Amino acid sequence: MQRLPVCKDGISLDYLSRSSCYLFRCYSVSCTRNLGYGNHEITREIDVEGLFRACTKSEDVKHLHALLTVSGKAKSSFVATRLINMHSYFGNVSLSRYTFDQVLDKDSYTWNSMISAYVRNRQSSKAVKCAFEMLSRTDVRPDFHTFPPVLKACSALIDGTSLHCCILKSGLEWDVFVASSLVHMYCRFGFADRAYTIFKDMPFRDTGCWNSMISGFFQNDNAKEALRILDDMILEGVKMDSVTVATMLSVCAQLNDLLRGMLIHLFVIKHGLEFNVFVSNALINMYAKFGELKCVPNVFDHMHVRDIVSWNSIIAAYEQNNNPYVAIKFFHRMQVNKVQPDLLTLVSLSSCVAQMKDPLWVKSVHGFITRKCWITEDIVIGNGVIDMYAKLGITDSAQKVFERLPHKDVISWNTMITGYAQNGLAAAAVEVYNCMKENKDLKPNQGTQVAILPAYAHLGALRDGMKVHSQVLKENLELDVFVSTCLVDLYGKCGRLSEAISLFYQVSRETSVPWNTIISCHGLHGLGETSLKFFEEMLNEGVKPDHVTFLSLLNACSHSGLVDQGKWCFQVMQQEYEIMPTLKHYGCMVDMFGRAGLLETAYNFIESMPMKPDASVWGALLGACRIHGNVEMGRKASSHLFELDSQDAGHYVLLSNLYANFGRWEGVNEVRSLARDRGLWKTPGWSSIELNNKIEVFYSGNQSHPQYEKILEELGKINAKIKSLGYTPDTSFVLQDVEVDEKENILAHHSERLAIVFGILNTPPKTCIRIYKNLRSELKISIDIIICSRRKEVPDISSVRGMHVQGLAYFGAVS
DNA sequence: TTAGGGTTAG
């Protein structure tokens with residue numbers, strides 16, 4: 001229905017053609033009766049006109065087509081042209097072509113209609129091909145109607161410029177429709193200046209032409225110039241119409257000018273344009289971009305006619321403002337209204353599912369998209385599905401969809417890299433990034449940098465991260481707030497806090513995100529006081545903290561033993577900023593009390609929680625029990641943990657370690673066999689070091705490294721040396737029931753030691769050696785270790801940022 | 001009879 005021109009403004013087709021409808025029904029009945037005798041005939045063309053108007057669905061046209069074929073009328077150019085149009089309105093473009101091919105005396109109307117039929121059904125290349133076929137003929141001439149639709153359809157500029165030549169030859173370039181279409185086409189290919197030259201020289205400009213130029217500048221990211229053209233338009237006394245208004249609403253969104261947008265909304269109401277479906281859709285989009293969700297349902301509910309774009313817009317409005325549940329409600333309403341979702345509906349829907357993290361929705365959404373074959377049709381939806389799987393943590397499905405994409409663009413790669421990085425699989429993210437760099441047709445962009453930098457930060461791969469930094473500087477992206485925040489995070493996590501701070505002060509600090517980053521990385525390195533100072537500065541600059549800010553602060557307090565300050569943060573968050581604590585906030589509090597040895601307080605705190613504590617909360621308590629050696633409390637925490645999440649090997653390891661510390665080996669064996677029965681094994685610990693652009697990974701006891709013998713020899717020497725300096729190994733870290741000698745041996749061959757020695761062997765003296773260890777990832781710190789035993793320097797501990805205390809203890813740096 | 005310019009995307 002919506003495709004029919006009479007429905008353009010939402011007027012019912014039935015209303016317009018009630019009389020014709022009656023005629024069509026009578027005619028059909030009489031034809032069906034007479035078909036066997038072959039004595040019926042449509043006599044007057046005016047009857048055909050009425051019959052076409054009576055067609056309300058695809059079947060009507062097919063029926064009428066059959067009748068006209070029987071009567072021999074379908075081949076006449078007059079009737080065929082209408083059939084071509086009617087079939088194309090209902091999306092049956094192949095039937096349009098069939099009708100077209102049957103006509104012997106094709107006139108310009110027939111050709112123009114066929115071209116428009118292709119354009120109407122988005123078959124651009126066929127439209128252009130058909131136009132060139134027409135131009136090559138001598139029996140028909142192109143006219144004012146020929147070029148506008150073809151220019152709209154030009155899928156490559158080469159077609160556009162050759163068509164421009166044809167237009168010049170035919171002398172049609174001053175027709176206002178033709179020239180406007182040229183303006184539109186050149187703008188579409190990014191040649192706004194060329195379009196403007198044509199526009200300027202036009203002897204007469206109608207509103208449509210001004211609209212083409214305004215939208216042209218807007219689409220070329222030049223909203224300011226679009227605004228200037230609008231001013232010129234008003235100066236020349238040309239009135240804004242619904243198209244101008246719809247375009248200008250998008251321009252306001254791009255210019256970040258809500259006030260102007262609202263003034264246009266007033267204009268819309270004053271001039272009765274609010275019932276135009278395009279204008280209302282544009283209003284919804286504008287308010288959504290400004291996050292003004294209050295205005296959105298008002299506009300939507302007042303619409304008389306809603307099309308698929310209206311539904312998509314309101315769904316996207318809530319989806320983009322992190323309100324997936326309301327978005328889904330509108331999706332259900334759309335289904336109740338029997339509006340079929342299209343590709344863009346599903347793009348928004350997959351993002352909603354990603355936000356809701358609802359595994360039940362994932363399969364039905366992916367299944368629906370697959371049935372429609374949309375993944376092969378459009379890259380955006382493929383990227384959406386990858387993102388959906390990645391956000392739910394199902395990275396292997398994301399990878400499968402990614403591999404099967406027929407064409408991958410930069411965003412597909414960025415989405416895959418981000419997907420791995422955000423699921424803690426930084427090494428996989430780096431692998432994808434390296435593959436991407438091998439593809440010479442792809443140019444990594446700002447999104448790529450934002451995707452890979454957190455992965456490097458997570459791995460502690462400072463050198464690789466710095467390479468990205470140099471790329472950022474080359475491309476003048478250092479002022480981009482997303483990129484620079486990632487760089488602050490990278491330098492911060494890798495212990496280069498002074499660099500992080502100087503970068504931080506170069507960034508725009510209007511939102512909480514850069515503040516959260518700088519607070520968090522100081523917290524990670526045990527500089528909780530500094531984190532609190534940054535928080536104070538943030539408040540002084542008038543930036544509103546969010547739940548992440550408080551998470552970073554609580555983490556900082558926890559790592560620095562600032563219990564009172566942590567309690568203060570927890571209180572301020574709720575009372576002053578009305579942020580309800582989540583499980584993560586509770587987890588941080590428990591961790592903070594636990595680390596400070598306040599195990600009873602931590603336990604009581606859990607008991608007082610208004611929600612059911614999850615595995616991370618009990619895990620924090622268990623971790624604290626392990627540090628402070630409280631077996632009884634540890635058992636309590638474990639029983640809750642095993643009940644909540646019996647599949648996480650880490651919980652078993654923690655409890656087993658706790659028993660081991662007290663020499664309660666029967667407890668150790670019990671827990672270990674429990675874990676084995678459930679098919680759980682401890683994640684092997686590994687350490688890595690970056691050397692000569694290569695990351696070397698070491699596992700404890702792994703003898704496969706080519707330098708293993710050399711490393712072992714050097715390690716023996718160092719161990720002997722530090723022992724002679726008075727270092728006693730803390731064998732309580734060895735959680736196996738073996739003799740003390742053997743415990744020392746195990747300790748001496750921990751993966752981080754192997755990596756450090758490899759570093760010593762392969763770098764010149766006084767080089768800073770940076771080790772990354774996977775099992776301490778909850779601290780997310782890189783380990784700066786100064787090897788004092790070899791360098792004969794006593795490190796000033798306060799200057800060694802990002803120091804891994806346990807690592808330093810190994811080599812006697814702290815006694 | 002046939003035509004241009006507008007709204008939704010990661």
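Quick caveat, the model's predicted, so the values are computed rather than measured.
In this model, the phosphate group of dT2(B) is not approached by any side-chain N or O of Ser116(A) to a distance below 4.0 Å at OP1 or OP2. One finds no side-chain N or O of Arg188(A) lying less than 4.0 angstrom from the OP1 or OP2 phosphate oxygen of dG5(B). Taking 4.0 angstrom as the limit, His184(A) places none of its side-chain polar atoms (N or O) nearer than this to OP1 or OP2 of dG4(B). Between Lys152(A) and dA3(B), a side-chain N or O to OP1/OP2 separation shorter than 4.0 Å is absent. Between Gln219(A) and the phosphate of dG5(B), there is no side-chain N or O to OP1/OP2 separation shorter than 4.0 Å.
Nucleic acid contact class of Thr207(A) (heavy atoms, under 4.0 Å, all strands): base. Residue Thr247(A) is classed as a sugar-phosphate contact, given heavy-atom separations below 4.0 Å to backbone atoms only. Nucleic acid contact for Lys391(A): none, since no nucleic acid atom lies under 4.0 Å from a heavy atom of the residue. Counting non-hydrogen atoms under 4.0 angstrom, Ser280(A) reaches nothing in the nucleic acid.
Applying the ring pair (Phe, Tyr, Trp, His ring centres under 6.0 Å) rule to Phe100(A) yields the partners Trp111(A); only residues at least two apart in sequence or on another chain are considered.
Closest approach to the Asp409(A) side chain among dT8(B), dG4(B), dG10(B) is made by dG10(B) (side chain taken as heavy atoms from C-beta onward).
With hydrogens and angles ignored, no donor-acceptor pair under 3.5 angstrom links the side chain of Asn281(A) to the base of dG6(B). Between the side chain of Asp241(A) and the base of dG6(B) there is no donor-acceptor pair of N/O atoms closer than 3.5 Å. No N or O donor and acceptor, one from the side chain of Asn211(A) and one from the base of dG4(B), sit under 3.5 Å apart.
Using modelled atom types and a 3.5 Å distance limit, the side chains of Asn383(A) and Asn414(A) yield no donor-acceptor pair. Side-chain atoms of Thr110(A) and Asp107(A) form a donor-acceptor pair, as typed in the model, at a separation below 3.5 Å.
Counting only distance, with no hydrogens or angles, the side chain of His366(A) and the backbone of Val362(A) share no donor-acceptor pair below 3.5 Å.
The aromatic ring centres of Phe199(A) and Trp210(A) sit less than 6.0 Å apart.
We find that the ring of Tyr109(A) and the base of dT1(B) stack, their centres lying under 5.5 angstrom apart and their planes tilted less than 30°.
In this structure, the CD1 atom of Ile229(A) is 18 Å from the P atom of dG5(B), given to the nearest Å.
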